[in-house]
There are 2 protein chains.
Amino acid sequence: MKRGAKPPIRLAREQRFGDILRAARKVFCEKGYDQAAVAEIAARLGVVEGTVYKYFDSKRELLHKVLEHWYEEMLGDYARDLAAVVGARARLRLLVWRHLRSVREHPQLCRLMFREVRAEQDYRGSRVHAMNRRYTQFLIEVLRDGVAAGEFRAEIPHALVRDMIYGGIEHHAWNHLCGRGDLDIDRIADRIAAVVCDGLAARAPAADLHLETEKLARIAARIERSLPQHRARK
Amino acid sequence: MKRGAKPPIRLAREQRFGDILRAARKVFCEKGYDQAAVAEIAARLGVVEGTVYKYFDSKRELLHKVLEHWYEEMLGDYARDLAAVVGARARLRLLVWRHLRSVREHPQLCRLMFREVRAEQDYRGSRVHAMNRRYTQFLIEVLRDGVAAGEFRAEIPHALVRDMIYGGIEHHAWNHLCGRGDLDIDRIADRIAAVVCDGLAARAPAADLHLETEKLARIAARIERSLPQHRARK
DNA sequence: CCGGATGGATGAGTCGCACTCATCGGCAGA
DNA sequence: TCTGCCGATGAGTGCGACTCATCCATCCGG
């Protein structure tokens, strides 16, 4: 140490660990992964670069830990909130809405997740991947329950619906976030739920439905008329 | 130049440009953007790093040019292929299928597109972005035509459906590609078209309604035939 | 009160890689 | 044969991730 320099501040291991994690989150969010320098993260805490590497093996591990911590935050009260809603469609909409809210609140963390982590070669098998699976598992369960309740068709593969929902949100939100417009998450959630549940195809028009119903009514009337009791009574 | 060294091979500007582009595409695909060294791209052509920078301002510009070139390849015969198919649903499925094929054939280029380019701050306004818009515009037009033909509902926002399709394919294919499984693009295209068109909700499609009505009519006829009065009357 | 062990923190490195620039020298046109 | 053009060179420069030998405050047993 140089003469006249203050002695370094020594902190307990866990305290320093948490401090670095918080500082890293801020810097990564402000600058993005590539532009964030480990030296800057260290500087904000008044320590040198080497100190960070005492706690994290690499810049990437630091990023992973930041995102793991975020997932823990998010997973917190999912199950509880979901339990308060009845009906597969309403629960599906809730999951979509909550995800949209996360994207809106933490666009930079989402960006890190999508760009840096999920595209990595060894993402599969990582802790973040496991947490992402837990996160999306809620949706799979909602779909399964929906099928069990007869609300959803059984022949649609759940993994595909999950990917269309989360992938769709990602694309859609990205446009909005980069375009600097803010997300109307209520409306988007409604629309996504509408597309997923009802699809794009034009329904049988109400007229057809009426027609068929009237046909059925005439058939019923015919049967009634031909019943013995019917004639006997009259 | 050192004594005894061979004089450098001089090529016409366009020739060298194309060579660098091709070499860059290979190296980027093999190693990914970060791991690809400009020096290696140069080395494969037997030139030095500086030469590459005579033709491209930066490594990122090189990446952009590689992807622009790819988009040109893909856009080539889209319109023609699409014109050969009738029916909004069938055309939608064609677009999904073709996109899946692109992803399957060039997973590394997709990866570069998603990870490196689309997540960039200044992606919007770039040439690649414009080409991506042209690419996805085909789908928007199919949706619009579908609405005009009465095949699709008018109240569904097209941009959202576009994002759910392309985002969904991205997510779904990613799982498969990283999981080393290969894509059954025919089946996936069918399923995506099914979800998008018909949705998840259980319901009786119009065709089924007709069918059921006819069944009931036949049952009614059978009842009528077996009734004593019926026989008596005849 | 003392001396060694512990372990948090240091800071001066190394290394790899994107990017630059002064310079070279083959070749086409005068 | 001269000359200017321009493709190519290769020795830098700078930056940022990562390393390592070393320092020293604190704790603990004697």
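Residue numbers begin at 1 in each chain, while the letters A, B, ... track the order of the sequences.
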Point to revise | Set of residues satisfying salt bridge (Lys or Arg N to Asp or Glu O under 4.0 Å) with respect to B/D34, sequence neighbours excluded | key: B/R115
Exercise for review: Decide yes or no, distance alone: a donor-acceptor N/O pair under 3.5 angstrom between the base of D/dC18 and the side-chain of A/E49.
Suggested key: yes
Review point. Pick the nucleotide of DNA chain C nearest each of B/R10 and B/A36; which residue has the one closer to the 5' end?
Key: B/A36
Exercise for review: Check every strand shown and say whether B/F17 touches a base, only sugar-phosphate, or nothing at a heavy-atom separation below 4.0 Å.
Suggested key: nothing
Point to revise | Upstream residue (5' side of DNA chain D) when A/V38 and B/K54 are each assigned their closest nucleotide | key: B/K54
Practice item. Using whole Å, report how far CD of B/E61 lies from P of C/dT20. Key: 12 Å
Exercise for review: Look at all strands and tell whether B/A42 reaches a base, only sugar-phosphate, or nothing, counting heavy atoms closer than 4.0 Å.
Suggested key: nothing
Check your understanding: Quick one: on DNA chain D, does A/A39 or B/L11 contact a more 5' nucleotide (nearest heavy atom)?
Key -> B/L11
Review point. What integer distance in Å separates B/F28:CZ from C/dC17:P?
Key: 14 Å
Review point. What nucleotide, of C/dA9, D/dA17, D/dA8, holds the atom closest to the side chain of B/R16?
Key: D/dA8
Review point. Has A/H69 got more than 12 heavy atoms of other residues, nucleotides or ligands less than 6.0 Å from its NE2?
Key: no
Point to revise | Spacing of B/D57 atom CG relative to C/dA18 atom P, expressed in whole Å | key: 15 Å
Check your understanding: Atom CG of B/D34 and atom P of D/dA17: how far apart are they, to the nearest Å?
Key -> 12 Å
Check your understanding: Touch check for B/V47, heavy atoms < 4.0 angstrom, all strands: base, sugar-phosphate only, or nothing?
Key -> sugar-phosphate
**Study point:** Test item: side-chain donor near acceptor, B/H64 and B/E120, under 3.5 Å
**Key:** yes
Exercise for review: Figure out the CD/P separation between A/E40 and D/dA17, and round it to whole Å.
Suggested key: 10 Å
Check your understanding: Roughly how many Å is it from CZ in A/R13 to C1' in C/dT6, rounded to a whole number?
Key -> 12 Å
Exercise for review: May I ask you to establish whether A/R60 and A/Y33 are in a cation-pi arrangement, using a distance under 6.0 Å from NZ or CZ to the six-membered ring centre and at most 45° from the ring axis?
Suggested key: yes
Review point. Looking across every strand, which nucleic acid part, if any, lies under 4.0 Å from A/F56 by heavy atom: base, sugar-phosphate, or nothing?
Key: nothing
Practice item. Measure the distance from CD1 on A/I20 to C1' on C/dT10 and round it to the nearest whole Å. Key: 14 Å
Exercise for review: Figure out the CD/P separation between B/Q15 and D/dG7, and round it to whole Å.
Suggested key: 13 Å
Practice item. Would you please confirm or rule out a distance under 4.0 Å between OP1 or OP2 of C/dA9 and any side-chain N or O of A/Y55? Key: yes
Review point. Using the ring of each side chain (for Trp, its six-membered ring), is B/Y166 parallel, tilted or perpendicular to B/Y135, with breaks at 30° and 60°?
Key: tilted
Exercise for review: Please determine if a side-chain N or O atom of B/T51 lies less than 4.0 Å away from the OP1 or OP2 oxygen of D/dG7.
Suggested key: no
Practice item. From the options C/dG11, C/dC19, D/dT19, select the nucleotide whose nearest atom is closest to the side chain of A/Y53. Key: D/dT19
